> 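Let me begin by handing over the structure; questions about it come next.
Chain letters run A, B, ... following the sequence lines, proteins first, then strands; residues in each count from 1. This one's a predicted model, so the numbers in the text were calculated from it and none came from an experiment.
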There are 2 protein chains.
Amino acid sequence: MADGRVERGNQTRRAVLERTVKIASVDGLEGLSLGKIATDLGLSKSGVFALFGSKEDLQLATVRAAREVFVEHVVRPVREAPPGAAKAWQLFLSWLEYSGRRVFPGGCFFYSVSAEFDARPGPVRDEVARARADWIGYVERVLDEARLAGAFRPGFEAADVPQLAFEVMALMELANAHSVLHEDPSAYERAGRGILGRLRAVAAAPDELPERPPAVDYAV
Amino acid sequence: MADGRVERGNQTRRAVLERTVKIASVDGLEGLSLGKIATDLGLSKSGVFALFGSKEDLQLATVRAAREVFVEHVVRPVREAPPGAAKAWQLFLSWLEYSGRRVFPGGCFFYSVSAEFDARPGPVRDEVARARADWIGYVERVLDEARLAGAFRPGFEAADVPQLAFEVMALMELANAHSVLHEDPSAYERAGRGILGRLRAVAAAPDELPERPPAVDYAV
DNA sequence: TTACCGAACGCACGGTCGTTCACTCTGTCG
DNA sequence: CGACAGAGTGAACGACCGTGCGTTCGGTAA
């Protein structure tokens, strides 16, 4: 089963998801409207509906599509780097860029939809929670690989990794939240400074990390 | 203009807002429905509508009501304490309790609605942004009063206060987010540990602060 | 060629939404 | 006392929502 008839459907699906991830980052997954999307893309409401089966399935597909964008922009640029503190720092910088350059117009997609669904049981919340858990797992893995590569001072043990990951992610997410709500890109510099402070505090060779984060050159 | 006729209206308004702040912390301010609220309280939809004038006004009133609850639970218990690092730590603990004990069933009200409205211009977003800005200002003031009281090491200057406030608030908010989405109260301990780490790192007398945060005794 | 499958359409449904309007009732106040 | 104001009602509105059904059309596979 290859090309042609089903390919057209896949293209339409991709076109729809291209819109929905953007819309959802601003208005939330509940703000998606089949009719609106159909009109925007010159399709019929029932056509869009048929492509996904239900609104909930469209929401789930949107989360998965956003996940791919996230991986593409945040994880992939760093994936091949050798383990170490520098790789971790690159990963976090990559996230700050992803958020600050508004890959999604409403800031980080997962920040928005996590807050939207965090207290509402259901498949969508489960999918969002899974995506977030995977992201946390990846951050912790990168940090632990750095630790195993001897990037951190003696005394910094495996058990300290989740705490460090937590503190770094907190800074990243507040940068996103603050910059979007207050249209203040300086939050990214604050976050970068905080992250570097945490990394340099535990790094075996702090001087291999920059003293300060790069200046933010994107206005929001 | 005193009691009786207008008092009944005020009581109804209060009853409505008591519901809406809880609903909004779970389903968002957009999830409020005049009809649902009216049915729940045994009123007519138009009656509720008339009390507030429009849905947007109801949303604004809800934000203001939530703000009062926030001040009551977070700021008031600490307000009279003498300036210093201990007061700051008490304030942050107070926030973690407010979030963790689910004063609002969906976790921190302002976390939810900030994420909901951060990218949508309008009066509601402005009100939310103002509330958040005031909260940031209060945190910075408490920290600066501690600084002026000599609570921090020499070298810690006024210019460092916003950065410290940013890092502390990041930890608090991720504790809220993580605990709600993953039903994992251990995030509050991580946040507490991180906050204490930051405070002790700059405190003139670190030993007057606890080494570890109190164990969390609330399950979420 | 025939038989099928999936994309996409048009239409209609039942429901909910915020809002409007005319109305009743009753404390408050000149 | 009489006039006003504000709480609350009930019915109706127009708009939009997600969903279901029947159908058309064209690419795919036997």
> Nearest whole angstrom, please: distance from the P of C:dG18 to the NZ of B:Lys36.
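It works out to 11 Å between those atoms.
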> Got a sec: does the NZ of B:Lys87 have more than 12 other heavy atoms crowding it under 6.0 Å?
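Count over threshold, so yes.
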> Do any side-chain nitrogens or oxygens of B:Arg13 fall under 4.0 Å of OP1 or OP2 in D:dA7?
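Answer yes for this pair, as a side-chain N or O of B:Arg13 is under 4.0 Å from OP1 or OP2.
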> Centres of the B:Tyr98 and B:Phe70 rings: under 6.0 Å?
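Yes, the ring centres sit under 6.0 Å apart.
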> Once you round it to whole Å, what is the distance between P of C:dA8 and CD of A:Glu7?
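Taking CD of A:Glu7 and P of C:dA8, I get 11 Å after rounding.
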> Using a heavy-atom cut-off of 4.0 Å across all strands, would you classify B:Leu32 as base, sugar-phosphate, or nothing?
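Sugar-phosphate, backbone atoms only, no base.
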> Are A:Asp134 and A:Arg67 ion-paired here, with the side-chain N under 4.0 Å from a carboxylate O?
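Yes, A:Asp134 and A:Arg67 are salt-bridged.
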> Rounded to whole Å, how long is the line connecting atom CZ of A:Arg8 with atom P of C:dG6?
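The distance from CZ of A:Arg8 to P of C:dG6 comes to 13 Å, rounded to the nearest Å.
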> When you measure from the side chain of A:Arg125 to the backbone of A:Phe117, do you find a donor-acceptor pair of N or O atoms at a distance under 3.5 Å?
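Between the backbone of A:Phe117 and the side chain of A:Arg125 there is no qualifying donor-acceptor contact (under 3.5 Å).
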> Whole-Å distance between C:dC17 C1' and B:Leu58 CG?
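Going from CG in B:Leu58 over to C1' in C:dC17 covers 14 Å.
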> Once you round it to whole Å, what is the distance between C1' of D:dT19 and CD of A:Glu56?
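It works out to 14 Å between those atoms.
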> Could you give the NZ-to-P distance, from A:Lys55 to D:dG20, as a whole number of Å?
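It is 15 Å, rounded to the nearest whole Å.
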> Between A:Ser114 (side chain only) and A:Tyr111 (backbone N and O only), is there a donor and an acceptor less than 3.5 Å apart?
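A pair under 3.5 Å: no.
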> Whole angstrom is fine here: how far is it from CG in A:Leu34 over to P in C:dC9?
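Value for this atom pair: 13 Å.
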> Quick one, which residues of residues 42-53 of chain B touch DNA chain C with a heavy atom under 4.0 Å?
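Correct list: B:Lys45, B:Ser46, B:Phe49.
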> Which whole-number value in Å describes the distance from A:Arg14 CZ to C:dA7 P?
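Taking CZ of A:Arg14 and P of C:dA7, I get 13 Å after rounding.
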> Please check this pair: side chain of B:Arg190 against backbone of A:Phe166, looking for a donor-acceptor N/O pair closer than 3.5 Å.
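No, B:Arg190 side chain to A:Phe166 backbone: no donor-acceptor pair under 3.5 Å.
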